[in-house]
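Each remark here refers to the structure printed beneath this line.
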Amino acid sequence: MENSMIRALSITAAVFVTLLWSSSYILNQYAFVEGVGPFTLAGMRYSAAALTLWVVLRLRDQKHVRRDGGHEAQSVHREGSQEKWKLTWKNFLFLGITGFVLAQGLQYAGQFFLTPMQSNMFLSVGNMLFLLIVDAFWLRELKSRATFMAVLAAMAGIVTYFYPWHFAQSSLIGIVFILLSCVGNVAHLTYSRYLLSRKQTAPSALVLTPMLIGAAGMLVTGFILEGMPPYSIKLILILLWLGPINGALAFTLWTWSQKQLRAYESSLINNLMLLEVALLDILFLGRSITYLQAGALCLVGTAIVAVQLAPLMKKSKPLPSESDTTV
């Protein structure tokens, strides 16, 4: 019962994170209008997120010191530090480059050339395809035929959503950036899952340091390629939401949820963003969808729900009765 509750909380947390991340697609468009480049925006966002997370962790440590005091608090601090430093700088660099510089920086670059719905569609398809390839050769968690069919159904719905495929020539640059970001995202997701499940790494160890590394890399790239960004009150307010809320809070919750969910389950929940981004795009940017697209969205949503409910609906096999046994 306790494991079921923890799993339900993990799913709820992951879904909540997708809502926060979906709002980022809309806020990013507003930020681009202010004149900031994609790599610079991503770097500033995750710098603010890392700073927020660092402050929260420091306040938490000070609270433990005041509450426990003396040698006990120092012991707790040492134990926490030992837990964190199980990872080497090579691990941190890999997580920072794949999860932030590639996954987030290139994703922002793709969003600069595409609409929110287009960029999120290619992101969902790319993540799903690359995850299936990686899972087949490494984690091997995708074993159920029904689950595999649900994954294919989700992919079919995503592809159908944008039929017929009419994209401007300039959009090809954005598509390439998005697909390359998928490589970084899947590498980061799979490696994080490996560290959490096989190495018993603390979730907090996978967030702050890699985020700092990624933010620094994106800022340097942005300043070199895009120059110094203009500042406005609107841009500052957007960053204050994107950093602490959509960055620090969201990534902490997402990393914690990965400890309970398989890599392909996290990816399927992440595909809920296709539904959420489409709705936000309609509400805030005035776009519309056809009946075919609405049906495709329903197919994606149904496939995601089916995969999440399947483990909970499995019935244990009955023990064989005496009449079934053979001598």
Side-chain angles (χ1 to χ4, degrees), residues 9-28 30-31 36 38-64 80-81 83-85 87 91-105 107-108 111 181 184-185 188-189 191-193 195-196 201-220 222 229 234-261 266 269-270 272-273 276:
L9 285 174
S10 300
I11 295 173
T12 302
V15 171
F16 176 67
V17 169
T18 64
L19 288 170
L20 294 178
W21 284 344
S22 294
S23 69
S24 298
Y25 282 79
I26 309 302
L27 293 173
N28 289 346
Y30 291 139
V36 63
F39 281 101
T40 305
L41 176 61
M44 290 192 300
R45 169 190 174 177
Y46 287 105
S47 295
L51 177 61
T52 302
L53 187 59
W54 180 81
V55 171
V56 170
L57 292 177
R58 291 282 296 180
L59 292 175
R60 186 191 65 180
D61 291 341
Q62 292 177 4
K63 181 179 179 180
H64 286 316
S81 299
E83 182 73 21
K84 178 178 180 179
W85 287 105
L87 297 180
N91 301 132
F92 286 133
L93 282 173
F94 183 83
L95 291 170
I97 292 173
T98 57
F100 294 93
V101 177
L102 296 181
Q104 299 301 320
Q107 182 188 149
Y108 272 51
Q111 291 180 36
S181 78
N185 181 65
H188 181 267
L189 175 65
Y191 192 57
S192 296
R193 173 63 185 169
L195 292 174
L196 289 168
T201 305
S204 59
L206 305 181
V207 180
L208 180 56
T209 303
M211 187 182 291
L212 282 170
I213 293 172
M218 289 184 288
L219 277 177
V220 171
K234 185 176 181 180
L235 180 59
I236 292 174
L237 291 175
I238 291 174
L239 287 172
L240 288 176
W241 182 268
L242 288 176
I245 306 300
N246 290 16
L249 175 62
F251 268 94
T252 301
L253 289 175
W254 184 257
T255 303
W256 175 78
S257 71
Q258 288 180 349
K259 194 171 181 65
Q260 309 300 327
L261 304 176
S266 295
I269 292 177
N270 195 49
L272 283 173
M273 290 176 61
E276 297 159 357

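- For the atom pair CG of Leu19 and OG of Ser24, the computed distance is 11.0 Å after rounding to the nearest 0.5 Å.
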Evaluation steps, side chain to side chain donor-acceptor pair (under 3.5 Å), between Ser10 and Gln260: CA-CA 7 Å; Ser10 300; Gln260 309 300 327; 5.0 Å; no
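- Leu59 is listed as a side-chain neighbour of Gln62, based on a closest heavy-atom distance under 4.5 Å.
- Looking only at distances, no side-chain donor or acceptor of Ser257 sits under 3.5 Å from a matching main-chain atom of Ala14.
- Shown here for Gly184 and Ala103, the closest heavy-atom pair between the two residues is C-CB, 4.0 Å.
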Tabulate below the donor-acceptor pairs under 3.5 Å that side-chain atoms of residues 39-46 make, not counting sequence neighbours, or state none.
unit_1	atom_1	unit_2	atom_2	d
Thr40	OG1	Glu226	OE1	2.6
Arg45	NE	Leu242	O	3.1
Arg45	NH1	Tyr108	OH	2.5
Arg45	NH2	Asn246	O	2.8
Tyr46	OH	Gln104	OE1	2.9

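- What you find for Met218 and Val101 is that their closest heavy atoms are CG-CA, 3.9 Å.
- The two atoms that bring Thr98 and Leu102 nearest to each other are O-CB, 3.7 Å, heavy atoms only.
- Legend: side-chain hydrogen bond (donor to acceptor under 3.5 Å, both in side chains) pairs involving residues 50-60, not counting sequence neighbours: none detected.
- You'll find the side chain of Tyr191 reaches within 4.5 Å of the side chain of Asn91, heavy atoms only.
- Between the CD atom in Gln111 and the CG atom in Asn28 there is a gap of 5.0 Å [rounded to 0.5 Å].
- Taking Ala250 as the reference, Val17, Leu20, Trp21 meet the side-chain contact (heavy atoms from CB on, under 4.5 Å) condition, with sequence neighbours excluded.
- With hydrogens and angles disregarded, no donor-acceptor distance shorter than 3.5 Å links the side chain of Ser192 to the backbone of Leu189.
- For the pair Thr18/Val15, a side-chain contact is recorded, criterion being any heavy-atom separation below 4.5 Å from C-beta on.
- Considering only residues two or more places apart in sequence or on other chains, Val207 meets the side-chain contact (heavy atoms from CB on, under 4.5 Å) condition with Leu53, Met211, Phe251, Thr252, Thr255.
- Leu212 and Ala50 get closest at one heavy-atom pair: CD2-CB, 3.4 Å.
- In this structure Trp256 satisfies the ring pair (Phe, Tyr, Trp, His ring centres under 6.0 Å) test with no other residue, sequence neighbours excluded.
- Residues Ile238 and Ala31 come closest through the heavy atom pair CD1-N, 3.9 Å.
- Residues passing the side-chain contact (heavy atoms from CB on, under 4.5 Å) test with Val220 are Ile224, sequence neighbours excluded.
- Between Leu95 and Ile213, the closest side-chain pair of non-hydrogen atoms is not below 4.5 Å.
- When every heavy atom of Ala48 is checked against every heavy atom of Leu239, the shortest pair comes out as CB-O, 4.4 Å.
- Rounded to the nearest 0.5 angstrom, Leu93 CG and Leu87 CG are separated by 11.5 Å.
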